[in-house]
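Before any comments, here is the structure.
First the proteins, then the strands, lettered A, B, ... as listed; each starts at 1.
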Protein chains: 2
Amino acid sequence: MDAREAVTLRDVARAAGVHPGTASRALNDATRSLVRPETVERVVRAANALGYRPNHLARSFKTRRTRSVGVVIPDINNPLFPPIVLGVEDRLANEGYVTLLANTQNDPVKRVRIFEEMVERHVDGLIVATARREDPDLVGLLEQGVPIVLVNRVVEDRSFSSVSVDDAAGIRAVVEHLVELGHERIGHVAGPQSMSTGYARCEGYLASMQAAGRSVHPSLISSAEGFTIAEGESCAAELVSQPNPPTAIIAANDMLALGCYTALHAAGLRCPEDVSVVGFNDMPFIDRLSPPLTTVRIPHYEIGAQAAELLVDQMRHPDEPLKVLLLVPSLVVRGSTARAPVAVGVG
Amino acid sequence: MDAREAVTLRDVARAAGVHPGTASRALNDATRSLVRPETVERVVRAANALGYRPNHLARSFKTRRTRSVGVVIPDINNPLFPPIVLGVEDRLANEGYVTLLANTQNDPVKRVRIFEEMVERHVDGLIVATARREDPDLVGLLEQGVPIVLVNRVVEDRSFSSVSVDDAAGIRAVVEHLVELGHERIGHVAGPQSMSTGYARCEGYLASMQAAGRSVHPSLISSAEGFTIAEGESCAAELVSQPNPPTAIIAANDMLALGCYTALHAAGLRCPEDVSVVGFNDMPFIDRLSPPLTTVRIPHYEIGAQAAELLVDQMRHPDEPLKVLLLVPSLVVRGSTARAPVAVGVG
DNA sequence: CTGAAAGCGCTTACAG
DNA sequence: CTGAAAGCGCTTACAG
């Protein structure tokens with residue numbers, strides 16, 4: 001796909017009566033100052049006249065920079081990601097970078113393939129939303145010198161730049177809200193513990209419960225294998241089917257919370273009358289469910305935009321220290337926690 | 001981002017004791033048969049031993065093919081697109097193509113920029129979900145020889161390959177359903193008439209209403225400027241605020257239907273008790289609203305996968321005739337049309 | 001300030 | 001079946 005019979009730099013140079021090297025210098029921002037203004041003028045005029053479009057491929061090949069960055073997300077069907085990606089794209093586009101979006105669909109094999117592909121395509125950097133707490137693949141890329149910014153999830157004990165959210169603080173607000181409503185038995189559908197989000201939110205739940213003077217019986221926690229609706233459903237089903245079920249369930253994210261809704265419905269329980277449910281992320285459309293979901297809002301677009309900014313910084317100044325950005329989430333109370341539990345005779 | 005101190009083809013050739021040209025032939029599927037098996041063996045062994053990774057940039061530069069295709073969607077926040085993109089990606093990945101996803105956010109200027117960017121990045125082809133009925137930009141690309149497959153929306157009077165859905169048939173099923181429920185005044189929140197989806201669905205509505213013996217008063221139709229929730233809301237507000245409001249509203253897609261919900265709520269009307277609402281697309285999560293939305297199901301993933309297939313065909317065999325694929329949608333009845341209208345005294 | 005030249009890492013006619 | 005060579009379209013030290 002070239003513009004018909006591509007006009008090359010050599011053509012421009014000939015038309016302007018200069019050497020191709022000079023034409024190149026005149027046309028590039030970084031080197032334009034090396035060329036006499038009148039010459040620049042002549043070259044630019046010739047380029048416009050001929051409709052010259054530089055061949056990106058040739059340039060990238062020569063400079064080893066593609067002005068493209070890879071964005072790797074775990075699940076394209078999770079509405080959490082589009083607004084984040086939008087933030088990334090907008091910021092990156094401003095800086096002249098193009099975005100290569102890839103989706104692992106939570107498949108580790110696919111993920112490896114995508115990373116290889118990205119490196120082979122010579123992306124200038126990577127924004128990764130699929131980090132695991134231990135992540136040799138990512139560490140490997142980092143050690144190869146690939147600029148990387150993590151988004152949402154982080155890798156432990158390693159210096160990656162990242163933009164994420166204070167998970168524990170978010171959960172603390174949730175627990176406090178539920179306690180205030182008078183809930184005694186507050187359950188948790190935990191996310192995968194191999195991911196920082198799953199882990200930190202679970203830890204936050206435990207700590208906040210303790211701080212609120214609630215002991216946490218193991219039967220109050222069920223761990224999901226993935227952040228999916230199906231997992232949320234089976235975990236919630238487990239929680240509510242036991243003898244002393246919780247009156248509120250904190251799901252580690254909104255997808256799991258959706259699964260909780262399904263499980264409650266299947267069990268003939270109403271939300272919020274019988275069981276309250278809370279999610280995390282405030283993903284698009286989650287406020288339009290029935291009932292609207294109480295959840296923890298995180299600034300999706302901003303997360304993406306900040307991550308892009310960090311990455312651009314890092315690509316331009318590879319030796320600057322890495323930056324870890326922790327954004328503050330906020331509780332959004334909606335119908336799914338609309339009423340206090342009916343006082344039941346326990347203790 | 002190269003593998004450290006990149007191993008080049010020349011290194012492989014030297015290690016295998018052959019000429020770089022031979023190494024190249026041995027390593028490429030298309031030319032391998034030209035090389036003696038033992039030589040291939042030696043080259044492959046050397047390549048593996050050295051951890052050779054071909055430089056994509058050099059190859060693309062030389063061959064003028066990038067094995068990448070651009071996918072252009074109008075709105076990344078519309079959950080309709082992820083499953084389509086997933087279908088595209090899966091199929092394309094199988095064929096060794098990488099997907100460049102770009103999002104116009106319904107901005108014509110951004111769209112032009114994206115097309116230019118794609119051409120400059122030398123994508124081998126384009127899958128476009130942002131077609132307009134009249135679309136000089138796309139026609140221009142087509143005439144430049146860029147392989148293009150349209151998805152969901154089509155361009156009129158031009159030969160583009162496309163994968164879309166029989167919009168009129170979908171709407172017909174909706175109208176018949178509503179008529180059967182006893183609705184007399186069936187309104188339409190039409191989509192933008194500059195897009196084939198908006199136009200064909202509106203035409204389908206008119207034709208089906210007429211076929212059902214319903215005359216269509218202009219006050220029953222309100223046209224949205226875009227397929228957005230906000231537009232759906234204002235159009236629906238207009239429809240229900242008039243003296244003789246419809247008892248059912250057919251929205252041209254699910255996003256508009258979401259806006260209808262908002263408008264009904266704001267007007268103190270219940271769905272479906274006071275007004276039934278129907279959407280189009282059966283986008284993810286739309287079944288979890290309150291009430292669950294009756295809508296027209298289209299095979300999202302399949303649309304994407306088929307489009308990818310058509311594009312691959314077209315890239316491989318540029319001279320074969322274009323193909324237009326029309327998929328058949330199906331009505332999904334849910335709560336938003338759960339009950340017939342209360343018989344009101346009209347005519 | 002500009003020209004001449006080399007070279008990025010491949011592929012592919014062209015010989016042999 | 002394989003080698004030698006040219007060349008894709010740029011950029012960038014190196015001279016001058």
Side-chain angles (χ1 to χ4, degrees), chain A residues 1-44 46-47 50-68 119-122 124, chain B residues 1-44 46-47 50-68 119-122 124:
Chain A
M1 289 332 67
D2 327 279
R4 344 255 50 212
E5 286 307 315
V7 177
T8 120
L9 191 59
R10 152 174 266 102
D11 300 324
V12 174
R14 191 177 309 135
V18 298
H19 185 90
T22 305
S24 170
R25 284 184 283 253
L27 259 16
N28 281 327
D29 294 342
T31 48
R32 180 152 30 242
S33 60
L34 300 175
V35 179
R36 200 154 43 115
E38 301 93 276
T39 312
V40 171
E41 171 77 20
R42 259 204 343 277
V43 172
V44 169
L50 296 175
Y52 171 66
R53 314 252 56 182
N55 183 332
H56 256 264
L57 250 31
R59 172 181 298 172
S60 294
F61 169 47
K62 179 68 186 162
T63 61
R64 320 178 88 38
R65 309 186 61 250
T66 54
R67 298 201 76 81
S68 65
V119 170
E120 250 168 43
R121 299 264 166 188
H122 295 256
D124 293 340
Chain B
M1 287 338 64
D2 326 277
R4 341 257 48 215
E5 284 310 313
V7 177
T8 120
L9 191 59
R10 155 173 262 101
D11 300 324
V12 174
R14 192 178 308 135
V18 299
H19 185 90
T22 306
S24 170
R25 284 184 284 254
L27 259 16
N28 280 329
D29 294 343
T31 47
R32 181 152 31 243
S33 61
L34 300 174
V35 178
R36 199 156 42 113
E38 302 93 276
T39 311
V40 171
E41 170 77 19
R42 250 192 5 264
V43 172
V44 169
L50 297 175
Y52 171 66
R53 315 252 56 183
N55 183 331
H56 256 263
L57 252 28
R59 172 181 297 169
S60 294
F61 170 49
K62 179 70 186 161
T63 60
R64 320 180 84 42
R65 307 185 60 251
T66 54
R67 298 201 75 80
S68 65
V119 170
E120 249 168 43
R121 300 263 165 189
H122 295 257
D124 292 340

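Per the geometry, CG belonging to A:Asn55 stands 10 Å off P belonging to D:dT11, to the nearest Å. The nearest whole Å value for the distance from the CG atom in A:Leu9 to the C1' atom in D:dT11 is 9 Å. Computed from coordinates, the A:Leu27 CG to C:dC1 P distance equals 17 Å when rounded to whole Å. For A:Leu34 and C:dT2, the CG to P distance is 10 Å, given to the nearest whole Å. Summarising the geometry, the separation between CG on A:Asn28 and P on D:dT12 is reported as 8 Å, rounded to the nearest angstrom. One interatomic measurement links the two molecules: NZ of B:Lys62 to C1' of C:dG7, which rounds to 14 Å at whole-angstrom precision. B:Arg14 places its CZ atom 16 Å from the C1' atom of D:dG3, with the value rounded to the nearest Å. In this entry the distance linking NE2 of B:His56 with C1' of C:dC10 reads 12 Å, nearest Å.
Taking CZ from A:Arg25 and CZ from A:Arg36, the interatomic distance works out to 13.0 Å, rounded to the nearest 0.5 Å. Atom CZ in A:Arg59 sits 9.0 Å away from atom CG in A:Leu9 (nearest 0.5 Å).
Counting only heavy atoms from C-beta outward, the side chains of B:Asn55 and A:His122 approach each other to under 4.5 Å. Side-chain contact check for A:Val43 versus A:Val12: some heavy-atom pair is nearer than 4.5 Å.
Between B:Phe61 and B:Pro37, the residue whose closest nucleotide on DNA chain D is further toward the 5' end is B:Pro37. Residue B:Gly17 is the one, among A:Arg10 and B:Gly17, whose nearest nucleotide of DNA chain D lies closer to the 5' end (criterion: closest heavy atom).
Put simply, B:Thr22 has no side-chain N or O that comes within less than 4.0 Å of OP1 or OP2 on D:dC1. Between A:His19 and C:dT2 there is no side-chain N or O to OP1 or OP2 distance below 4.0 Å. For C:dC10, the OP1/OP2 oxygens have a side-chain nitrogen or oxygen of B:Thr8 closer than 4.0 Å. Taking only side-chain nitrogens and oxygens, A:Arg59 never comes nearer than 4.0 Å to OP1 or OP2 of D:dG9.
When all heavy atoms of B:Val35 and B:Ala26 are compared, the pair lying nearest together is CG2-N, 3.9 Å. A pairwise comparison of heavy atoms in A:Val40 and A:Arg32 identifies CG1-CD, 3.6 Å as the closest pair.
Among the protein residues, A:Thr39 comes within range of the sugar-phosphate backbone only, with heavy atoms under 4.0 Å from sugar or phosphate atoms but none that close to a base. The residue A:Ser24 sits close to a base: some heavy atom pair falls under 4.0 Å.
When the nucleotides D:dT11, D:dT2, C:dT2 are ranked by their closest atom to the side chain of B:Val35, D:dT2 comes out on top. Here the nucleotide nearest the side chain of B:Tyr52, chosen from D:dC10, D:dG3, C:dC10, is C:dC10.
Judged by Watson-Crick or G-U wobble contacts below 3.5 Å, the nucleotide D:dA13 has no partner. Under the Watson-Crick or G-U wobble criterion, with both distances below 3.5 Å, D:dA4 has no partner in any strand shown.
For A:Arg64 against C:dG9, a side-chain-to-base donor-acceptor contact under 3.5 Å is absent.
Nucleotides D:dA5 and D:dC1 have their P atoms positioned 23 Å apart, rounded to a whole Å.
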